[in-house]
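Each chain gets a letter, A, B and so on, in the order the sequences are listed, and its residues count up from 1.
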Amino acid sequence: MVKDAKIIDISYDYAPIIKMDPTLFINRVKYQSIHDIERYGKYLVFILDTDAMIMHMRMEGKFYIKKINDHVSSHEHVIFSFSDGRQMRYHDVRKFGTIHLLDKNSYKNQYPINGLGKEPKDLDPLDFYQLIHHRKTAIKNVLLNQHIISGLGNIYVDETLFLSGIHPKRLANKITKKEASKLVTSAREVLDKAIALGGSTIRSYTSSLGVHGRFQNELNVHTKFGEPCPKCQNTIVKMKVGGRTSYVCESCQK
DNA sequence: AGATGGACCCGTACGC
DNA sequence: TGCGTACGGGTCCATC
């Protein structure tokens, strides 16, 4: 529980994660308290006294709460020390995560939060159709575009497309209203189930508590190259779509 | 407007 | 055993 924790110091060993001058960042965050934590798509937002600290943890970033004397892992890149002796440590093997600091009164209107699309659970299926029906790119690119619909990554897009019976290379402007609706409801289903099972541990992802997810056991197509489709037994194929590895049952997905 | 490819990073899984 | 290399994840950016 970090709510109401007061940050009295910050250290880092890898500056590029902090998307501003690190000294400025430290001076601004120091002595502010964490009042709330919000989430927008894949971004986590710590609401402080006057600022909003906006985190993106990419694929495997996570926060650990430890004691000040606990061993510091070489993958812990930003350490927030609290007044109560605990530390909140940002752990990121790939160093891909980002931290932005913005005024808490206006961060929603600024990059990186301002351009985000709605999440599947908040997106009206007909609105989704309106957003995509003029787009000439592959439907998979649309589903991965956080400015159109937020919250889906590569794994969950593959699963959403499978449940919808739609091929990742289908052009967005060829998607019918009925199919657009199916995509939104499938995306909700995929995310709800993945969240309930603690996410997908495919490479090295674990939760902040080091717990492995279990959704990888429920995957229908993603990573299933060469295996039979759970619906029709056709062999699942692997291909690139928009530069991203994609797994498809070409018998079920048209 | 859209597609493409590179950049960022490094543990893992390979091939030799 | 040890080395080299490809890969992938999310996002931005330059270029076509």
Side-chain angles (χ1 to χ4, degrees), chain A residues 12-20 22 39-45 54-63 72-78 89-100 102 107 110-117 119-120 130-161 167-175 187 190-191 194-195 198-208 210 212-213 215-216 219 221-226 236-248:
Chain A
Y12 65 94
D13 75 347
Y14 185 75
I17 289 174
I18 301 167
K19 297 299 173 186
M20 63 186 290
R39 185 186 60 77
Y40 297 87
K42 302 179 188 175
Y43 290 88
L44 208 55
V45 179
I54 300 157
M55 299 285 322
H56 195 306
M57 307 200 279
R58 291 300 197 271
M59 300 76 64
E60 40 187 277
K62 61 205 74 171
F63 282 105
V72 177
S73 146
S74 60
H75 299 308
E76 292 171 350
H77 301 300
V78 185
R89 302 182 185 172
Y90 180 61
H91 179 288
D92 189 348
V93 171
R94 297 282 176 271
K95 300 179 176 173
F96 263 21
T98 59
I99 304 178
H100 289 87
L102 295 169
Y107 74 93
Q110 295 176 68
Y111 176 87
I113 301 295
N114 62 347
L116 292 178
E119 298 180 27
Q130 294 299 337
L131 286 172
I132 71 168
H133 82 281
H134 64 283
R135 295 191 181 252
K136 293 173 185 153
T137 192
I139 185 63
K140 174 155 186 176
N141 295 338
V142 165
L143 292 169
L144 283 170
N145 187 334
Q146 305 299 304
H147 299 278
I148 298 172
I149 180 169
S150 64
L152 296 169
N154 198 35
I155 298 167
Y156 301 121
V157 165
D158 276 5
E159 294 299 309
T160 296
L161 286 164
H167 196 287
K169 288 186 177 174
R170 273 275 295 290
L171 294 184
N173 63 359
K174 303 293 185 192
I175 298 289
V190 167
L191 288 183
I195 290 166
S200 312
T201 301
I202 289 183
R203 295 177 70 79
S204 60
Y205 166 81
T206 67
S207 76
S208 65
H212 284 224
F215 187 69
Q216 69 277 11
L219 296 171
V221 286
H222 194 83
T223 73
K224 304 293 186 182
F225 169 62
I236 293 163
V237 296
K238 182 177 173 178
M239 65 183 71
K240 291 277 184 188
V241 182
R244 309 302 304 281
T245 309
S246 307
Y247 298 85
V248 190

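Between A:V248 and A:V221, every side-chain heavy-atom pair lies at or beyond the 4.5 Å cut-off. In this structure, the side chains of A:K240 and A:T245 come closer than 4.5 Å at one or more pairs of heavy atoms.
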TODO: Give the B/S/- string for nucleotides 10-16 of chain C, one per nucleotide from 5' to 3', where a protein heavy atom under 4.0 Å of the base yields B, of only the sugar-phosphate yields S, and otherwise -.
DONE: BSS----
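OP1 and OP2 of B:dG2 both lie 4.0 Å or more from every side-chain N or O belonging to A:T137. The side chain of A:R94 contributes no N or O atom lying less than 4.0 Å from OP1 or OP2 of B:dC8. OP1 or OP2 of B:dA3 has not a single side-chain nitrogen or oxygen of A:K169 nearer than 4.0 Å. Taking 4.0 angstrom as the limit, A:K95 places none of its side-chain polar atoms (N or O) nearer than this to OP1 or OP2 of B:dC8. One finds a side-chain N or O of A:K238 lying less than 4.0 angstrom from the OP1 or OP2 phosphate oxygen of C:dG8.
Rounded to an integer number of Å, the gap from CE of A:M239 to C1' of C:dG8 is 18 Å. In this structure, A:I17 places its CD1 atom 11 Å from C1' of B:dC8, rounding to the nearest Å. Across the protein-nucleic acid pair, A:Y247 atom OH and C:dC7 atom P stand 12 Å apart, rounded to whole Å. One interatomic measurement links the two molecules: CG of A:N141 to P of B:dG2, which rounds to 10 Å at whole-angstrom precision. Atom CD1 of A:I139 is separated from atom P of B:dA3 by 12 Å (rounded to the nearest Å). Spacing between atom CD1 of A:I148 and atom P of B:dA1 amounts to 12 Å, rounded to whole angstrom units. To the nearest angstrom, P of C:dG9 lies 12 Å from CD of A:E159.
A donor-acceptor pair under 3.5 Å is formed between the side chain of A:S150 and the backbone N or O of A:G117. No donor-acceptor pair under 3.5 Å is formed between the side chain of A:H222 and the backbone N or O of A:Y156. Side-chain N or O atoms of A:R39 include none that pairs as donor or acceptor with a backbone N or O of A:Y43 at under 3.5 Å.
Contact check on A:K62 versus A:E76 returns no salt bridge, with no Lys/Arg side-chain nitrogen under 4.0 Å from an Asp/Glu carboxylate oxygen.
Note on A:A138: only backbone sugar-phosphate atoms sit closer than 4.0 angstrom, heavy atoms only; bases stay farther off. Residue A:H77 is out of contact with every strand shown, counting any heavy-atom pair closer than 4.0 Å. Nucleic acid contact class of A:K19 (heavy atoms, under 4.0 Å, all strands): none.
Nearest nucleotide to the side chain of A:V93, out of B:dG2, B:dC10, B:dA3: B:dC10. The nucleotide whose nearest atom lies closest to any side-chain atom of A:T245 is, among B:dC10, C:dG8, B:dG2, C:dG8.
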Task: Trace of the salt bridge (Lys or Arg N to Asp or Glu O under 4.0 Å) decision for A:K224 with A:E159 - done: CA-CA 11 Å; A:K224 304 293 186 182; A:E159 294 299 309; over 6 Å; no
